[in-house]
Amino acid sequence: MMQKSTEIKIRKPDDWHLHLRDGDALKVTVPNACRGFNRGIIMPNLVPPVTTVDLAHEYRKRIVQNIPQDSSWQPLMVLFLTDRTTPEEIYKAHESKIIFGVKLYPAGATTNSDTGVTNLGKLNKTFAAMQEVGMVLQIHGEVTDKNIDIFDREAVFIETILKPLVEKFPTLKVSLEHITTEESVTFVTKDSDSVHASITPQHLLYNRNDMLVSGIRPHLFCLPILKRERHQQALLEAATSGNKKLYLGTDSAPHARDQKENCCGCAGCYSHLSAIELYAEVFDQFNALDKLEGFASMHGPDFYGLPYNDSFISLKRQKWKIPSSIKYLNTELIPLGANSELNWKLI
């Protein structure tokens, strides 16, 4: 029987999908986002959203002010796509050297997305400009039709919206964000040449039973919502396979406890207190620790056309517990996996 590794060293990873919010929240979220990572794709769904290059510059300045002095972490900015985003703004974004993607939220699909896209047909010239300059289109892949079951919205989006889009713009670089279904895995890895995808720790570690059986667990509620066990298994097998079209994107998003634990709740999981360790747990369970570096540190830069990080991190096989909560603004925040014991620790 082969002895298990007690310590692994990997090239410093990047997070290709995260939320920091704004204002005083940055004092908490930015230092946490730096933990174990060297770069992060910053989602633009603020209120109001980051719709222009000028707004992205201003937001980036506020983020940078909260980066710890001993950290080399870099925020990679993203524009919020609307029905009015012009090709000229795409060219300006490309020239800015701080914008690395444009995020498509179907209007109303998730937190702070009400001003998202309502009609893709209005954006053909904008998509053509993105295709021309190699700008990544990052997609929240769910339809918002209330007649479509929430557990089916990702699969329906692929068939009715994503497939026609990539057929019309075959060389447009598309990142299907936080995929959750077997259909997404199949489309990304087998049916499309141009679409890549990020995968979160919550969709690898949990399924809808974990969220719903024996009572609702609001801190596991996220969008896209957790799916059936067979979808979770498809994600696990794909992520740990070494497929170069899949990469790490936590979708870590801070939501205060009182917002999560109420009659309406809100969608999002906060994983940055233990993100790289949570992924290590998954890869270890699949005897695929040798594939973790590719997923966490190489596949994303390859797709985005960026160099690999030249620094490294080490993870030690060591038991520790994720904190039950952390202070956040004037309340507290419950991290993903609160109080659970992990077997890997960032050192």
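Positions are given from 1 along the sequence.
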If you measure only the distance, is there a donor-acceptor pair under 3.5 Å linking the side chains of [X] and [Y]?
X: Asn243; Y: His299; result: no
X: Thr180; Y: Lys227; result: yes
X: Glu142; Y: His140; result: yes
X: His19; Y: Asp251; result: yes
X: Glu177; Y: Ser175; result: yes

* Taking the six-membered ring of Phe151 as reference, does the NZ or CZ atom of Arg228 fall below 6.0 Å from its centre and within a 45° cone about the axis? ->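 The answer is no, since Arg228 fails at least one limit relative to Phe151.
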
* Asked: Under 6.0 Å from the six-membered ring centre of Tyr105 and within 45° of its axis: does the NZ or CZ of Lys103 meet both?
  ->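 Yes, a cation-pi geometry.
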
Any chance you could measure [X], atom [atom1], to [Y], atom [atom2], to the nearest 0.5 Å?
X: Leu223; Y: Glu154; atom1: CG; atom2: CD; result: 11.0 Å
X: Leu104; Y: Leu123; atom1: CG; atom2: CG; result: 7.5 Å
X: His219; Y: Met211; atom1: NE2; atom2: CE; result: 13.5 Å
X: Ser297; Y: Phe312; atom1: OG; atom2: CZ; result: 9.0 Å
X: Gln285; Y: Leu205; atom1: CD; atom2: CG; result: 7.0 Å
X: Ser252; Y: Leu336; atom1: OG; atom2: CG; result: 8.5 Å

Measuring centre to centre across the rings, with the benzene-like ring taken for any Trp, is [X] within less than 6.0 Å of [Y]?
X: Phe295; Y: Tyr247; value: no
X: His17; Y: His178; value: yes
X: Trp16; Y: Phe303; value: no

Between [X] and [Y], does at least one N-O distance fall below 4.0 Å, as a salt bridge requires?
X: Glu332; Y: Arg257; value: yes
X: Glu7; Y: Arg317; value: no
X: Glu159; Y: Lys163; value: yes

* Under 4.5 Å between side-chain heavy atoms, chaining through other members, with only Ile, Leu, Val, Met, Phe, Trp and Tyr counted: pull out the rest of the cluster around Leu329, sorted by chain and number. =>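 Val28, Tyr270, Leu273, Ile326, Tyr328, Leu333, listed by chain and number.
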
